Amino acid sequence: MRPSSSFNAQVYALVRCIPPGKVLSYGRVAEMLGVPHGAREVGWALSALKQARNEPPVPWHRVLNAQGRISIKGSPEAALEQRLRLEAEGVVFDEHDTLDMSRYQWNPSPPELAALLQRIRAETSGRD
DNA sequence: CAATTGACTTGAT
DNA sequence: TATCAAGCCAATT
């Protein structure tokens, strides 16, 4: 579990930067972290979150699939919780339980993102 | 070490 | 617009 633990930490750090009422897709998170095809890894990192203590709390509910739909499998309760948390932040799902990604997806400006990534990398480089 | 699985994505039917 | 199949990558069995 060596190499990816640092990746997980980066995922958590980045997800913590998503503003309330905004969301990110798994693939987008992976892409931002420099792993273009690491969408499933991001899902893995987040699923591991429920057993690993996370402080400060990671707003895992702000991450869903590229279609704008909740993608939690095997736990309807968790899926419902995710939806409720999002709606509590003002996000509105349409009649197909889908949300408009073009509207809700978080799009930081390139310089802002670069600075963010730099800080995240500094944060997660030493610890493990 | 091979097969299976999963909070994914994309492109073809 | 809805389904299917094939990639992808780490963790588990």
Side-chain angles (χ1 to χ4, degrees):
Chain A
M1 194 184 251
R2 315 278 148 290
S4 63
S5 59
S6 146
F7 176 77
N8 284 17
Q10 292 181 40
V11 170
Y12 303 151
L14 180 55
V15 171
R16 274 194 274 255
C17 296
I18 306 175
K22 289 293 180 179
V23 302
L24 233 43
S25 72
Y26 298 93
R28 196 84 180 110
V29 171
E31 187 177 300
M32 285 175 170
L33 291 178
V35 186
H37 300 287
R40 309 193 84 137
E41 281 189 70
V42 174
W44 241 102
L46 295 183
S47 68
L49 205 49
K50 53 177 178 285
Q51 26 189 1
R53 69 183 167 296
N54 44 320
E55 297 178 21
V58 175
W60 52 270
H61 58 281
R62 295 184 193 137
V63 182
L64 26 85
N65 66 29
Q67 303 173 1
R69 314 184 74 183
I70 289 176
S71 190
I72 295 181
K73 295 178 176 179
S75 177
E77 298 182 5
L80 179 59
E81 180 184 352
Q82 177 168 19
R83 174 166 180 153
L84 292 179
R85 282 184 181 232
L86 285 172
E87 290 180 335
E89 296 181 349
V91 172
V92 178
F93 287 80
D94 67 12
E95 64 279 4
H96 290 89
D97 299 322
T98 303
L99 58 80
D100 185 354
M101 290 302 275
S102 68
R103 174 176 175 180
Y104 292 111
Q105 186 163 61
W106 179 44
N107 288 317
S109 65
E112 182 181 0
L113 177 59
L116 218 50
L117 290 177
Q118 186 175 354
R119 184 168 64 76
I120 288 174
R121 185 166 296 189
E123 266 182 22
T124 58
S125 62
R127 81 179 54 157
D128 196 324

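Quick caveat, the model's predicted, so the values are computed rather than measured.
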- Side-chain contact test, heavy atoms from C-beta onward, threshold under 4.5 Å: evaluate it for A:Gln105 versus A:Lys22 and give yes or no. no

- Message: Within the 4.0 Å limit for protein heavy atoms, which parts of nucleotides 2-7 of chain C are touched? Write it as a string from 5' to 3', B for base, S for sugar-phosphate only, - for none.
- Response: -----B

- Task: Using side chain to side chain contact (heavy atoms under 4.5 Å, CB included) as the criterion, list what pairs up with A:Val35, not counting sequence neighbours.
- Result: A:Phe7, A:Glu41

- Task: Give every residue pair that meets the side chain to side chain donor-acceptor pair (under 3.5 Å) criterion with at least one member in residues 65-75 of chain A, sequence neighbours excluded.
- Result: A:Arg69-A:Thr98

- Query: Which residues in residues 68-92 of chain A have at least one heavy atom lying under 4.0 Å from any atom of DNA chain B?
  - Reply: A:Ser71, A:Ile72, A:Lys73

- Exercise: do A:Glu89 and A:His61 side chains pair donor with acceptor under 3.5 Å: yes

- Message: Test of understanding: with side chain to side chain contact (heavy atoms under 4.5 Å, CB included), list the residues that count as partners of A:Ala39, not counting sequence neighbours.
- Response: A:Tyr26

- Query: Residues in side chain to side chain donor-acceptor pair (under 3.5 Å) with A:Asn107, at least two apart?
  - Reply: none

- Message: Taking salt bridge (Lys or Arg N to Asp or Glu O under 4.0 Å) as the definition, give me every residue that meets it alongside A:Asp97, ordered by chain and number, with sequence neighbours left out.
- Response: A:Arg83

- Taking only residues two or more places apart in sequence, or in another chain, which ones meet A:Arg85 in a side chain to side chain donor-acceptor pair (under 3.5 Å)? A:Glu81

- Message: In this structure, how many angstroms lie between the C1' atom of C:dC8 and the CH2 atom of A:Trp44, rounded?
- Response: 16 Å

- Answer whether the closest heavy-atom distance between the side chains of A:Asn8 and A:Trp44 falls below 4.5 Å. no

- Message: Using only atom types and a distance under 3.5 Å, with no angle test, would you say the side chain of A:Tyr104 pairs donor to acceptor with the backbone of A:Val92?
- Response: yes

- Message: Could you work out, with side chain to side chain contact (heavy atoms under 4.5 Å, CB included) as the rule, every residue matching A:Leu113, not counting sequence neighbours?
- Response: A:Met32, A:Pro108, A:Leu117

- Message: Please give the stem ranges for DNA chain B, sorted by first residue number, where a stem is three or more consecutive Watson-Crick or G-U pairs and both donor-acceptor distances are under 3.5 Å.
- Response: B:2-6 with C:9-13, B:8-13 with C:2-7

- Can you name the residues that form a side chain to side chain donor-acceptor pair (under 3.5 Å) with A:Ser109, not counting sequence neighbours? none

- First contact, last contact: which nucleotides of DNA chain B are these for chain A, 5' to 3', heavy-atom distance under 4.0 Å? B:dG6 to B:dT9

- Query: Quick check: does any side chain N or O of A:Arg16 sit under 3.5 Å from a backbone N or O of A:Pro56, one acting as donor and the other as acceptor?
  - Reply: yes

- Query: Looking across every strand, which nucleic acid part, if any, lies under 4.0 Å from A:Gly27 by heavy atom: base, sugar-phosphate, or nothing?
  - Reply: sugar-phosphate

